[in-house]
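Working notes for the structure below.
Heavy-atom basis, side chains included; hydrogens, waters and symmetry copies ignored. These figures come from a predicted structure and were not determined experimentally. So you know, we letter chains A, B, ... as the sequences are listed, proteins then strands, and number each from 1.
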Amino acid sequence: MAGGELKLLGTWASPFAMRVKLALNFKGLSYDNIEEDLRNKSDLLISSNPVHKKVPVLIHNGKPICESRIIVEYIDEAFVGTGPSLLPADLYERAIARFWAAYIDNKLLASWFQTFTGKTEEEKAEAVKQTLAAAEHMEAAFKECSKGKPFFGGNSVGYVDVTLGSLVALVRTSETYDFKPFDATRSPLLNAWLERFAALDAVKTVVPDTDRLVDYAKTRLAEAAAAVSNN
Amino acid sequence: MATDVPAVKLIGWYGSPYVHRAEVALRLKGVPYEFIRDDPINKSELLLQHNPIHKKVPVLLHGDRTICESLVILEYVDETFDGPPLLPVDPYERAMARFWAHFIDQKFARPFWMSFWMCEDDEHKEAFVKEAKGNLAILEEQLKGRRFFGGDAVGFLDVAACGLAHWLGVIEEVSGVTLVNGDEFPAFCKWAKAYVNDDTVKQSLPDRDELLAFFSGNKEIYMALARATLHK
């Protein structure tokens, strides 16, 4: 049922929480943004997502929905009359969008995270290779989905834009480590799309500050390394 | 012009639960299709051409459309063809069905695989068994006394969970490890039986004896793999 109370449990750094914020922004929906401390998770988070205990969680009229892509689809279906549709109307295009959204998480992001969490230099190097290969596929995906228009969703932002666009902060952070999967030479279309996407007001209000994210990433990586060496 | 050729084709490997997902969805919707049997050891040009990204089955060909990934195919079939809905109509219920399907795909593979194929005396085995059973308990709770996850009829989540209904028992028999028992998981056991005995589902389940032979034949490989991937 449209309307009603929307609460988002998330963190400023999480690209997954950012997907939900983007979807809500693009649909013009207001919500109560609750910043979680992942080291001291709230009772609300744990009771709302007992299976994974992770962010984001969207709570709509007291009912929790978990997993970022599932939340975005939910928002699109529950608020069908409000703002633009995120999933394509055409059923085949919709299937293609779902395919690429799953690919982004299962292949692109999985290997991208491995580039800095990999336990050996070999693992990291392999992860870089996989990420670049995945980026190449996403470049082709953009061509296929956009059909010459500015976004994956066509003239306006859609489901794949939100799913991939939430990585804009990750892209900027990676650049400080000299890793550019979407650089202008290798992925010109994606490079241009990312600039275009990041310039949208709805995006600017929820993108985490790059410097803050770089510091945060450094701290987390150092903690992880310390934990491993203390075992 | 060949008007009797079905407009829908499904490329699959015999014995794959992911292919079964796609087949049963088509059958539940009453969609005629041609099954193109591919060989995982010797993948066809047709498969590689239509799924160059993953090079896997199932692949649905609908006219000149190509759809890959079993859960994506399930939703496409549900939305495109008439017939009983596979996913619930209510957006919240849909989100829940998707969540649990995703849970099954993410959380069952590794702990189950390791529970089955690790050596009895490996100290890590117990932890995997605990994890696998913990996940099963969560799923057991989701049945909430219903015959199927979808209610009275087989639905999206039942189809997504098909591996647990039919393949799991086979692997338990081959490995000698029993995870699902009637005492700990009564609702789940009833569900599995109801699923494999459903008239429509039955038509696209691979033969149990053939599956037994297949998994038995590969037992040593699976055990070696389990040892090799322990620390990944």
* **Check: K56(B) main-chain N/O paired with N51(B) side-chain donor or acceptor under 3.5 Å** =>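 Such a contact is found between N51(B) side chain and K56(B) backbone.
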* Close side-chain approach of F79(A) and L6(A), heavy atoms under 4.5 Å ->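 Touching, per the 4.5 Å side-chain cut-off.
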* Validation row: Y92(B), N61(A) side chains within 4.5 angstrom (heavy atoms) ->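 Sidechains of N61(A) and Y92(B): no contact.
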* Looking at H137(A), K107(A), E73(A), which one has more heavy-atom pairs under 4.5 Å with chain B than the rest? ->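 Among the listed options, the one with the most contacts to chain B is E73(A).
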Tell me, for [X] versus chain B, whether the close heavy atoms (under 4.5 Å) come from the side chain, the backbone, both or neither.
X       : answer
D105(A) : neither
I71(A)  : neither
R94(A)  : side chain

In terms of heavy-atom contacts, does [atom1] of [X] have more than 12 from other residues, nucleotides or ligands at under 6.0 Å?
X       : atom1 : answer
D152(B) : CG    : no
E122(A) : CD    : no
D43(A)  : CG    : no

* Asked: Which atoms of R94(B) come close to chain A, meaning under 4.5 Å heavy atom to heavy atom: side chain ones, backbone ones, both, or neither?
  ->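 Side chain of R94(B) only, per the 4.5 Å heavy-atom cut-off to chain A.
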* Interchain contact, H54(B) with chain A, by part (heavy-atom threshold 4.5 Å) ->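 It is the side chain, since no backbone atom gets that close.
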* Kindly give the heavy-atom pair with the smallest separation between M118(B) and K125(B), and that separation in Å. =>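 That would be O-NZ, 2.7 Å.
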* How about W193(A) and F182(A): are their ring centroids closer than 6.0 Å? ->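 When the ring centroids of W193(A) and F182(A) are compared, they turn out to be at least 6.0 Å apart.
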* To do: Go through the side-chain N and O atoms of T229(B) and W113(B) and say whether any donor and acceptor fall under 3.5 Å apart.
  =>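 Result is no, nothing qualifies.
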* Asked: Is it the case that R27(B) and Y33(B) place a side-chain donor and acceptor less than 3.5 Å from each other?
  ->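 Judged by distance alone, the side chains do pair up.
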* **Pick from I53(B), I138(B), I67(B) with the largest number of heavy-atom pairs that fall under 4.5 Å of chain A** =>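 Answer, by heavy-atom pair count under 4.5 Å with chain A: I53(B).
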* Between M96(B), R65(B), E69(B), H62(B), which shows the greatest number of heavy-atom pairs under 4.5 Å with chain A? ->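 If we count pairs closer than 4.5 Å to chain A, R65(B) comes out on top.
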* To do: Could you list which of residues 73-83 of chain B have a heavy atom closer than 4.5 Å to any heavy atom of chain A, in residue-number order?
  =>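 So far as heavy atoms go, E75(B), Y76(B), E79(B), T80(B) are the residues that approach chain A to under 4.5 Å.
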